[in-house]
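Just follow the structure's listing: the first ligand is 1, and inside any ligand the first atom is 1. Quick caveat, the model's predicted, so the values are computed rather than measured.
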Amino acid sequence: MATNRTFTMLKPDAVENGHIGAILEKINAAGFRIVAMKMTQLSKLDAEAFYAIHSERPFFGELVEYMTSGPIVSAILEKDNAVEDFRTLIGATNPAEAAEGTIRKMYAESIAANAVHGSDSDDNAAIEGAFHFSGRDNY
Ligand code: IDP
Ligand code: MG
């Protein structure tokens, strides 16, 4: 089952700029089913834990500060080949390098404030989904 699932967050810039609806529209149009979804705001501890893999990177402090700066929408998505297809849909990390028509090309502000998260593997999709949702969220 995890093979067909990925995890996403609409990041603080996307929420702040009013792009939730447009981004969800693109996600649905690309054939993803929303399995679970909610709006929350990450604490510093949450963001540090979620991005722990990047803790040695020079941008880690900036990333944590940014991801805690406002509400996010997190969701679990389902589709055949979900992880890879969603990475294609969102585009490159740096919106300046993202392909035309991708979510980051259309809606991201910068390499840090890049509108959306997408899991990079099936294992991480399961870990990240379980970080944000519990069994009571019905996923
Ligand atoms: P990804 O989100 O495309 O998988 P990662 O390399 O996993 O990219 O980086 C995680 C997040 O960290 C990015 O989405 C972005 O928000 C932020 N980030 C990545 N590289 C930089 C950078 O060079 N400066 C500032 N923030 C960055
Ligand atoms: Mg990543």
Ser43 versus Asp46, side-chain donor and acceptor atoms under 3.5 Å = yes
Counting from 1, what ligand 1 atoms have a heavy atom of Asn114 closer than 4.0 Å?
-> 13 (C), 14 (O), 15 (C), 16 (O)
Would a line drawn from the ring center of Phe32 to the ring center of Phe86 be shorter than 6.0 Å?
-> yes
For Arg87, take its heavy atoms, then give the atoms of ligand 1 lying under 4.0 Å from any of them.
-> 1 (P), 3 (O), 4 (O)
What is the ring orientation for Phe50 with His132, classed by angle as parallel under 30°, tilted 30 to 60°, or perpendicular over 60°?
-> perpendicular
Of the protein's non-hydrogen atoms, which lies at the shortest distance from atom 3 (O) of ligand 1, and what is that distance?
-> Thr93 OG1, 2.5 Å
Heavy-atom nearest neighbour in the protein, as seen from atom 15 (C) of ligand 1, with distance rounded to 0.1 Å = Ile111 O, 3.2 Å
So is Arg104 in contact with ligand 1, going by heavy-atom distances below 4.0 Å?
-> yes
Looking at the rings of His19 and Tyr107, which for Trp means the six-membered one, are their centres under 6.0 Å apart?
-> yes
Looking at atom 11 (C) of ligand 1, what's its closest protein heavy atom, distance included?
-> Leu63 CD1, 4.0 Å
Do Asp120 and Asn124 meet the criterion of a side-chain donor-acceptor pair at a distance under 3.5 Å?
-> yes
Given His54, Arg57, Lys11, Met9, which one has a non-hydrogen atom that is nearest to atom 9 (O) of ligand 1?
-> His54
Would Glu62 count as a contact of ligand 1 if the rule is a heavy atom under 4.0 Å away?
-> yes
Measure the acute angle between the ring planes of His54 and Phe59, then classify it against the limits of 30° and 60° as parallel, tilted or perpendicular.
-> tilted
Quick one: look up the protein heavy atom nearest atom 25 (C) of ligand 1 and list residue, atom name and how far away it is.
-> Phe59 CB, 3.5 Å
Considering distance alone, does some N or O of Ala112 sit under 3.5 Å from an N or O of ligand 1?
-> yes
Leu24 versus Leu10: any side-chain heavy-atom pair under 4.5 Å?
-> yes
